[in-house]
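Contents: one structure, followed by commentary.
Atoms within a ligand are numbered from 1 in the order they appear, just like the ligands themselves.
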Amino acid sequence: MFRTVKETARAVAPVAKRAASSNVSQSTSSSSSSNIALAAAGVAAVTALTSMNENKKAMCAVEPVDMAILKELAEIKKVLANLDPTSKILGQIEAGLAANPDMIMSKHFDLSYYNSLSDGLKARLLACCKSGAENHDSGVGVYAMQPSDYDDLKPYFDKVIRDYHKIPNEVKHVTNWDLATVADRLPAGGKLDLTKLGLGVTSMRVRVGRNLASYPLPGAMTKEDRLNMESDMVKVFKELIEDPAYGGNYYSLTPGSPYEVSEKFYQYLVKSHIMFKDMAADTYLASAGIASSWPFGRGCYVSADKGFIVWVGEEDHLRIMCMKKATVLNDVFDRLKSACDTMERICGNFAHSKSYGYVTSCPTNLGTGMRASVHIKIPKLTAGGSDAKAKAVARPLGLSIRGMGGEHTPIGADGTVDISPSARLQIQEAEIICALYEGIKNLMEEEKKA
Ligand code: ADP
Ligand code: CIR
């Protein structure tokens, strides 16, 4: 083993050296495939070196470490890190795998597939992988940049998607909102009534992520794209505002927009769970380019009764949602279906993939793009202020636990959490809302037992 590693390091060292010097002497924007291959060889050399170094104590009885190679390769590593962006990101992906072997992006990044691509597709793949390359604590680490990325880079994305969504075979996603098709899972009368589970008025929300086929996905949008898309959406919202079934207002964060709101009002909207948080603070979204040009092109439409909301310019072009403090889940689900139909009629078809359903920036949201959640109190499962036990109990029930302000926020001091079915892909919309109802029932039983 030691000999093999060392031999590898020896074999690739001259190649890596050439990579370093050839890149240094060339323009920094060079990304020719030969440079990439050389840089990749450099990265391999560094990996071999690292492994060799780690093993040196155990192996020194066999043969001492060659300090000259060690020094030489450390220098190459430094040069590679400052080379053209292509070499840099390949090195970051490699380092990401070492730092976090479970990260889905780097786990499935296959250099031979990458090398088989055209220069254009290579650049597109690396752009998708940038977030995980720069944030080694990512769980997924990859965001699509164009609606067509999932299909054009299918050999890579299919592995990522099947791994995250735990789909062993070919993905076959079907869109179906019709609750009549899941009648066997509904209580008699078809109502998903939370009072039957012992709950009172509950804060419920169902959202879907949607993207317009005519723009790049948020990670690749220019400031101009963002402003143009917001203008297109303002035309759509004007139609809704004139419709008595919707009414309401559009609130923009774009400086100078006729719909611009004050910082104070924006904070009120965030606190009221109506508007999204400052994305620039999210390092995953920032690395992906999704948070770029903040706050330009960002805003939200709110219906007159505040129950129907559309976010513009967050992780997806649109997040369309219905919210209500009520007792029957069907209310928000049925209203969202009808509102999505209205939106799609006005906006034109949303970006869609034959294999993966509705296209979203993050592969975790593909398919339905739907998250259906309620805020419920589980003080025993969250005793001591930690959500660890609640998460451990919720996972096998197919539920995710989030904080009161959404993802990556703390749970309520009184033990209130946000719960939602985790599945988004190869599950139908109608099944998700049933899964939420069943999940609430199961989690409350666990709370009683705790
Ligand atoms: P998303 O659900 O779109 O993935 P987040 O988890 O960040 O994004 O949540 C977005 C906002 O929606 C947050 O302010 C969160 O508190 C709010 N929210 C989510 N579910 C509910 C709910 N059932 N009731 C009230 N607010 C909710
Ligand atoms: C990660 O990989 O951990 C982040 N990119 C977040 C992934 C979760 N998905 C999401 O927020 N839509």
Side-chain angles (χ1 to χ4, degrees), residues 96 100 102-107 128-144 160-161 163-165 194 199 201-210 217-219 266-279 281-291 300 302 306-307 309-311 314-316 318-326 329 331-333 336 360-377 399-412 416-422 424-425 432-433 436 439-440:
N100 175 6
D102 294 330
M103 194 209 306
I104 290 179
M105 178 280 287
S106 42
K107 195 161 83 178
C128 295
C129 296
K130 191 164 174 281
S131 184
E134 292 181 2
N135 297 280
H136 291 170
D137 62 345
S138 296
V140 183
V142 55
Y143 293 94
V160 166
I161 292 163
D163 184 350
Y164 177 81
H165 293 277
L194 299 181
L199 287 171
V201 169
T202 300
S203 185
M204 51 185 73
R205 172 180 181 266
V206 189
R207 63 84 166 153
V208 290
R210 293 289 187 264
L217 290 173
Y266 165 59
Q267 291 305 339
Y268 156 79
L269 291 174
V270 173
K271 263 203 175 146
S272 315
H273 305 282
I274 288 173
M275 186 53 171
F276 47 99
K277 298 182 289 281
D278 178 352
M279 299 158 72
D282 184 319
T283 57
Y284 309 103
L285 297 183
S287 288
I290 293 173
C300 84
V302 185
K306 297 192 172 54
I309 298 167
V310 184
W311 292 352
E314 208 241 10
E315 187 180 295
D316 293 302
L318 305 175
R319 286 275 167 104
I320 307 173
M321 66 203 74
C322 284
M323 273 172 69
K324 198 174 180 183
K325 286 193 170 101
L329 291 176
D331 292 356
V332 275
F333 181 81
L336 183 63
T360 51
S361 283
C362 186
T364 61
N365 278 316
L366 279 175
T368 56
M370 176 177 279
R371 193 171 87 85
S373 61
V374 290
H375 282 172
I376 61 164
K377 208 153 111 179
L399 298 173
S400 298
I401 303 264
R402 293 187 180 184
M404 290 296 286
E407 197 164 31
H408 307 134
T409 64
I411 59 170
T416 302
V417 297
D418 165 329
I419 70 159
S420 56
S422 312
R424 313 257 189 277
L425 179 67
I432 291 181
I433 202 72
L436 177 61
I440 297 168

Shortest protein heavy-atom distance from [atom], along with the residue and atom involved:
| atom | answer |
| --- | --- |
| atom 13 (C) of ligand 1 | Gly405 O, 3.4 Å |
| atom 12 (N) of ligand 2 | Glu315 OE2, 3.0 Å |
| atom 20 (N) of ligand 1 | Ser373 OG, 2.7 Å |
| atom 14 (O) of ligand 1 | His273 ND1, 3.2 Å |
| atom 1 (P) of ligand 1 | Arg207 NE, 3.4 Å |
| atom 9 (O) of ligand 1 | Gly406 CA, 3.6 Å |
| atom 18 (N) of ligand 1 | Arg205 CD, 3.4 Å |
| atom 11 (O) of ligand 2 | Glu407 OE1, 3.0 Å |

Discussion item. For ligand 1, which is the ligand I care about here, please tell me if Trp311 has any N or O atom under 3.5 Å from one of the ligand's N or O atoms.
Written reply: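 No.
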Worksheet item: Any N or O on Met404 sitting closer than 3.5 Å to an N or O of ligand 1?
Response: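 It does: an N or O of Met404 is found under 3.5 Å from an N or O of ligand 1.
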Quick one: which ligand 1 atoms are inside 4.0 Å of a heavy atom on [X]?
| X | value |
| --- | --- |
| Val374 | 23 (N) |
| Glu407 | 5 (P), 6 (O), 7 (O) |
| Arg319 | 1 (P), 3 (O), 4 (O) |
| Asp418 | 19 (C), 20 (N) |
| Lys277 | 7 (O) |
| Ser203 | 22 (C), 23 (N), 24 (N), 25 (C) |

Item to complete: Please test Phe276 against Glu315 for side chain to side chain contact (heavy atoms under 4.5 Å, CB included), starting from the C-alpha separation and ending with a verdict.
Response: CA-CA 10 Å; Phe276 47 99; Glu315 187 180 295; over 6 Å; no
Answer side chain, backbone, both or neither: which part of [X] comes under 4.0 Å from ligand 1, heavy atoms only.
| X | answer |
| --- | --- |
| His375 | both |
| Arg402 | side chain |
| Arg371 | side chain |

Would you name the heavy atoms of [X] and [Y] that are closest together and state the gap between them?
| X | Y | value |
| --- | --- | --- |
| Tyr143 | Pro363 | CA-CD, 4.4 Å |
| Asp331 | Ala326 | OD2-CB, 4.5 Å |
| Val206 | Val332 | CG2-CG2, 3.9 Å |

Under-4.0 Å heavy-atom contact with ligand 2, by part of [X] that carries it:
| X | value |
| --- | --- |
| Thr364 | side chain |
| Met105 | neither |
| Asp137 | neither |
| Met103 | neither |

Between [X] and [Y] (side chain of the first, backbone of the second, donor and acceptor by atom type, cut-off under 3.5 Å), is there such a pair?
| X | Y | value |
| --- | --- | --- |
| Ser287 | Lys130 | no |
| Asn135 | Asp137 | no |
| His273 | Gly406 | no |
| Ser138 | Val140 | no |
| Asp316 | Arg210 | no |
| Thr416 | His375 | no |
| Arg207 | Leu336 | no |

Which ligand 2 atoms, with their elements, are less than 4.0 angstrom from a heavy-atom of [X]?
| X | value |
| --- | --- |
| Gly141 | 2 (O) |
| Tyr143 | 4 (C), 5 (N), 6 (C) |
| Asn365 | 12 (N) |
| Cys362 | 9 (N), 10 (C), 12 (N) |

Worksheet item: Who are the salt bridge (Lys or Arg N to Asp or Glu O under 4.0 Å) partners of Arg371, not counting sequence neighbours?
Response: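 For Arg371, the residues satisfying salt bridge (Lys or Arg N to Asp or Glu O under 4.0 Å) (neighbours in sequence not counted) are Asp418.
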Discussion item. Working note: Phe333 + Met204, criterion side chain to side chain contact (heavy atoms under 4.5 Å, CB included); need CA distance, chi angles, decisive distance, verdict.
Written reply: CA-CA 10 Å; Phe333 181 81; Met204 51 185 73; over 6 Å; no
Item to complete: Evaluate whether atom NZ of Lys107 has more than 12 neighbouring non-hydrogen atoms of other residues, nucleotides or ligands under 6.0 angstrom away.
Response: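 Buried by this count: over 12 neighbours within 6.0 Å.
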Discussion item. Assess the residue pair Thr409 and Lys277 against the criterion (side chain to side chain contact (heavy atoms under 4.5 Å, CB included)); give the C-alpha distance rounded to whole Å, side-chain angles, the decisive distance to 0.1 Å, and a yes or no.
Written reply: CA-CA 11 Å; Thr409 64; Lys277 298 182 289 281; 4.0 Å; yes
Discussion item. Rounded at 0.5 Å granularity, tell me how far SG in Cys300 sits from CG in Leu318.
Written reply: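 Answer rounded to 0.5 Å: 12.0 Å.
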Item to complete: Mark the output for Lys325 as yes if a heavy-atom distance to ligand 1 is under 4.0 Å, and as no if none is.
Response: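 Lys325: no contact with ligand 1 (<4.0 Å).
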Worksheet entry | Candidate pair Ser420 and Ser400, rule side-chain hydrogen bond (donor to acceptor under 3.5 Å, both in side chains), full reasoning | CA-CA 5 Å; Ser420 56; Ser400 298; 4.8 Å; no
Worksheet entry | Contact (N/O only, under 3.5 Å) between Ser131 and ligand 2 |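 Between Ser131 and ligand 2, no N or O pair is found under 3.5 Å apart.
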Discussion item. Side chain or backbone, does Tyr284 bring an N or O within less than 3.5 Å of an N or O on ligand 2?
Written reply: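 Not met; the criterion fails.
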Discussion item. Is there a side chain to side chain contact (heavy atoms under 4.5 Å, CB included) between Ile290 and Asp282? Walk through the geometry before answering.
Written reply: CA-CA 10 Å; Ile290 293 173; Asp282 184 319; over 6 Å; no
Item to complete: Using heavy-atom distances, let me know which of Gly139, Gly406, Ser361 sits nearest atom 3 (O) of ligand 2.
Response: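 Considering heavy atoms of Gly139, Gly406, Ser361, the nearest to atom 3 (O) of ligand 2 sits in Gly139.
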